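All remarks here apply to the structure that follows.
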Amino acid sequence: MWYRRLLLALLLAPALLWLFALIILPHLDLALLSFRERVAPREYVASLAQYRTFFGEPLYWHVFVRTALMSAIATVLTLLVAFPIAWIIAKLARGRMSALLFVVCLIPFWVSETVRTLGWMILLRESGVLPALLVHLGITREPVELLYHDATILVGLVYTSLLFMVVPLVSSLESLDNALIEAAYDLGGKGWSILREIVIPHAAPGITAGCIVVFMLTLGNYLTPTLLGGKSSQWFTEQIYTQFITRFNWEQGAAFGFLLLALSTAMVWLGLKISGQRFSDVMRRA
Amino acid sequence: MNAPTIAVSGATPDLEVRSVSKRFATHVAVDTLSFSVARGSFFSILGPSGCGKTTLLRMIAGFIQPDSGDIAIGGRSMAQVAPNRRPVNMVFQHLALFPMMSVAQNVAFGLARRGVGRAERLRRAEAMLERVGLAGAGGKRTDELSGGQRQRVAIARSLVLEPTLLLLDEPLGALDLKLREHMKLELKQLQSAFGTTFVYITHDQSEALVLSDHVGVMNHGRFEQLGTPQELYYSPATSFVADFVGANNRLAGKALSITASLVEVDTGGGWVVRARRHGEIAAGAAVEAFIRPEAAMLGRTPAELPAGQTAHSGEVTGMLFDGANSVVLLRESRSGLQLRIALPQTGAYSDLTVGARVCFTFDPERAICFPARAASA
Amino acid sequence: MISISGRCVLTVLLVLGLVAGAPARADNAKVLRIITWADYVPAEVVAQFRKETGIQVEVTLSNNEEMISKLRATGGAGFDLAQPSQDRIFGAQQEFGIYKPFDTSKVRLDEFVPELLATVRTNATIGGRLYGLPYVWGTEGLVYNSKRTRISDYGDLCKPELRGRTAVRLKRPTLMAFALASGKNPFALYGDTKAYTALMQQIGKTLTACKANFRFFYDNKDQLLNGMRTGEIYAAMMWDSGGWALNRENPDIKFINPRSGAIAWMDTFALPARGRNDAGAYAWINFVMRPEIAAKVAKSIGNFTAAKGADQLMDPRVRAQFAESFPDGLKNIKWYPAIPPGLEAIEGEVLDRVKAAD
Ligand SMILES: Nc1ncnc2c1ncn2[C@@H]1O[C@H](COP(=O)(O)OP(=O)(O)O)[C@@H](O)[C@H]1O
Ligand SMILES: [Mg+2]
């Protein structure tokens, strides 16, 4: 009925307006920005120069590829770490214990990301706690610098992302009937085959949701990779920030932003394709 | 308590449970239980909810370790054998079909775990589906099947592995009544067709009676009685069994006088009945008497009743017409106790109306009297 | 012309502003919104200013690049007073038009040190109108731990024995410093894009070759101060005030004027193009330029201000440190000239390469 549709439109109007003003409009604006080039002070012409610079300059797409790869690795690591935790919360721990585990995953979020990252720095720097401990235990003779490696970035990213993986995993594992696992075991299944045939297929929407969220979060992270990364470590968001803020080159920054958007969209699509999930199912889990 | 065993024709029984106990915290779920099940038979464990049936079954399947005692399957002790290595399969209470797989994949799952090749296991799955009457359904998703078909898939999934023993945990519990009646027959047919030993759990006495060769009636982690359905029905060993198996009229009261075989019971309101004595009963002791609805006979006047038997009287409070199982509900005149009495199959007395006064009588030999159970029962 | 984007962002901010701030809007003249550097607006001075004028000061902390970017995004709105470095006014104004000129009749110009005022006049006058006034100045030189090493020029940060023990910022001052150390004058090439690009690329190579010596590129002062304090860093490029602060904690740490010359910076007052409270801004400038107020500011920052006579009220310890770091006074110090538009893009590309190099 037409008036029903009108009512629905009216009800949705504020949300749609909000979406339009805060998300679509700025993005349109950025899109326009990315397709122009400065020729002289306050003089711009339409051009593909920004995108040409990206593809023509190995520096930029190297950072781009590196960011994508590191994010993918961080996502996989997060999944590997989060899965046992989620399993314990959903299947083994009862009541208070499972709440406690959840809280443990929540702890990183009680402080701001800056504080959290600085905490890692205090822990890992050469004059920090962990290197001193290693010397004390006789594992290393001299304090070693544990900061500024790619591995450090990964540790920081996994730590920051853990909760966003654990939550959808717990919700999808909780809905897995224990009887299915017992039935599989009863029919001769072993740990690995049950995981592969029963648990993973069942948890696939949750796994996909967690992976998508974590991948996007890491891809868009700024503080962790820049603070924990070494002097050579670059992250694409840092490049966008630099173009916008330090170089005053909004056109280039906008183009980079769009490339990042394209990458995350492509990755979400790929993730859904590989896991054979539908977007709506996955988002219900997330 | 002695280990009740069923006479087995020479061969080792498929299942032997020897003095098995299991306690959860302070609660004893299974209490030094012993029994054995003959090859190829249909054995049921019947008991009220919470009496420890599932716990017992899960110990046989291997999901729970007994605190003490031993379980042997096919003559081999299962003490150190993991559930995925036992020659036992289980049909779960809610079936636990794998929703992420097709029907054929469900049936082939166990074969795949045994390393049977892809083509071979699909062939065997298809053959098994045919045997349970699901030919051609292999490609369907499990949620496209009806309740009864799902039931058959769950059984096929287990039987395809040719287990020594098939365990079924109230598999009909989730079905509606009509389907349940139908599946009862089907289960029985499947069992005799495959010849596999079934251990079947239920809280529904009619399922147990219809399906089983032997039934163990379980209460508080122990067997009250172990026997054929007929023995349970006609010769209950305890008042619990008499109460639980089949419909029964229970009359609590005091023993007035005791003869060699009969007890005179005062039901409280001065109404005195006589029943066969079971167990040690002293005069003045609290007792429970049971009279099956079909053991009593109705009459409009005492004259219509067989001569030589005590006539009792009552007032009709309800008529429950159910074809061959029709009963009349009445209130005994002196005690005010409620009784069910079967209507004769001839259709006589089917015109009785509420409020009518009737007479009835029963053979004391067909009524049975036990010492009263402890207060908790 | 305001860019389309500027307008859009503005619209969004406006909508947000209407939603969030409408009921609580204060009288424009009663609030002065300053975007500035850490320590530049001490609380004590703010309190005194409020008592005298009734104007409340709201401070947003920032740095040169962010200041320009924020003002660019709003077309010069959102703040009533900004404090960019004197060399960053000219280019930003040419490119984005984010400032408005001063009405010099409303400022007591005789309160300023004449030489500093003259420098800003040279660098921040556009179309005959003045866009900046001097506030605080200082130098960027070298700091080192004399227990660990001894250095005298920027190039010494690349000595092999300092592998992994030095730090610089990956920003234009470092390029300038290493250019000076290579014997060239980068400032003289500001007008010659080709020669400047060549010089910057050469400096980029020098820094890349030196990269193993840098433990990290620091983004904020505290990161470096901590590195020096814990002994992870032996030598670094550093601002004088930070160097002196370290020296007060640990006399082994020295701040020196490098052989090629420390680079002098000067932060200014500038009026955002669409500020709402110019009167308040003028009142603030005249207020903080009073010698006794300027002395308080100097103490908070640890640097000298541009107020005449304020250096006489400066902490004697800092004056002694200054004399030790600059035995020849201000003779061997290089002032930044105004940066013409477009230079940052050339430098940016070089800096990116240094960062990406292995
Ligand atoms: N894992 C367990 N922990 C504690 N108590 C249990 C557990 N499993 C069963 N029980 C208790 O043991 C008793 C028997 O349970 P169960 O074997 O499931 O009974 P049934 O299947 O006959 O209904 C019940 O009182 C139940 O609460
Ligand atoms: Mg049960």
Side-chain angles (χ1 to χ4, degrees), chain A residues 79 83 86-87 90-97 168-211 271-282 284-285, chain B residues 54 57-64 78 81-102 105-116 121 125 128 141-142 150 153-163 165-171 173-174:
Chain A
L79 177 61
F83 199 91
W87 183 264
K91 291 288 164 204
L92 304 180
R94 274 170 228 289
R96 188 189 291 228
M97 186 63 193
L169 281 184
V170 165
S171 94
S172 68
L173 288 177
E174 262 177 354
S175 69
L176 172 64
D177 187 356
N178 283 338
L180 289 189
I181 298 168
E182 284 185 351
Y185 199 39
D186 182 69
L187 292 167
K190 294 190 189 65
W192 170 242
S193 67
I194 294 173
L195 190 69
R196 200 186 56 218
E197 305 275 338
I198 310 290
V199 179
I200 290 179
H202 177 89
I207 293 174
T208 315
C211 284
L272 291 174
K273 265 272 153 325
I274 289 176
S275 64
Q277 298 295 315
R278 283 211 315 276
F279 190 69
S280 54
D281 291 348
V282 167
R284 225 171 296 136
R285 291 268 172 228
Chain B
T54 298
L57 204 71
R58 289 169 63 79
M59 284 194 285
I60 299 171
F63 293 124
I64 305 179
M78 292 288 124
V81 184
N84 55 352
R85 303 187 160 274
R86 296 192 180 194
V88 171
N89 289 110
M90 184 146 161
V91 174
F92 287 75
Q93 195 156 3
H94 299 285
L95 305 185
L97 296 183
F98 304 132
M100 61 290 282
M101 300 178 195
S102 70
Q105 283 171 329
N106 262 281
V107 177
F109 180 86
L111 294 173
R113 305 283 79 77
R114 289 190 181 170
V116 176
R121 65 177 186 254
M128 176 53 73
R141 293 209 333 244
T142 55
R150 290 163 56 80
V153 173
I155 292 170
R157 181 174 75 172
S158 293
L159 288 185
V160 78
L161 297 175
E162 296 168 353
L165 207 59
L166 186 69
L167 309 176
L168 302 99
D169 188 353
E170 313 211 18

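In this text, all values refer to a predicted model and were calculated from it rather than measured experimentally. The sequence lines fix the lettering, A, B, ..., with proteins before strands; numbering per chain opens at 1.
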**OP:** Any chance you could measure A:Lys91, atom NZ, to A:Glu174, atom CD, to the nearest 0.5 Å?
**Re:**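 Going from NZ on A:Lys91 over to CD on A:Glu174, the span is 7.5 Å.
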**OP:** Evaluate the side-chain proximity of B:Arg121 to B:Val160: yes if any heavy-atom separation is below 4.5 Å, no if none is.
**Re:** no
Original post:
Which one of B:Pro83, B:Ala61, B:Pro163 has the most heavy-atom pairs closer than 4.5 Å to chain A?
Top reply: B:Pro83
**OP:** Measure B:Arg58 against the heavy atoms of chain A and call it side chain, backbone, both or neither at under 4.5 Å.
**Re:**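 It is the side chain, since no backbone atom gets that close.
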Subject >> chain A contact via B:Leu95 - side chain, backbone, both or neither, heavy atoms under 4.5 Å >> reply: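 Neither; nothing under 4.5 Å.
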**OP:** Using modelled atom types only, decide if a donor and an acceptor are shared between the side chain of B:Arg86 and the backbone of B:Ile60 within a distance under 3.5 Å.
**Re:** yes
Original post:
When you measure from the side chain of A:His202 to the backbone N and O of B:Met100, does any donor-acceptor pair fall under 3.5 Å?
Top reply: no
**OP:** Please check if atom CZ in A:Arg196 has more than 12 non-hydrogen atoms from other residues, nucleotides or ligands closer than 6.0 Å.
**Re:** yes
**OP:** Against chain B, work out which of A:Pro201, A:Ala204, A:Ala183 has the most heavy-atom pairs shorter than 4.5 Å and name it.
**Re:**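 Among A:Pro201, A:Ala204, A:Ala183, the one with the most close pairs to chain B is A:Ala183.
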**OP:** Heavy-atom pairs under 4.5 Å with chain B are the metric here; pick the option from A:Leu180, A:Asp177, A:Ile181 that has the most.
**Re:** A:Leu180
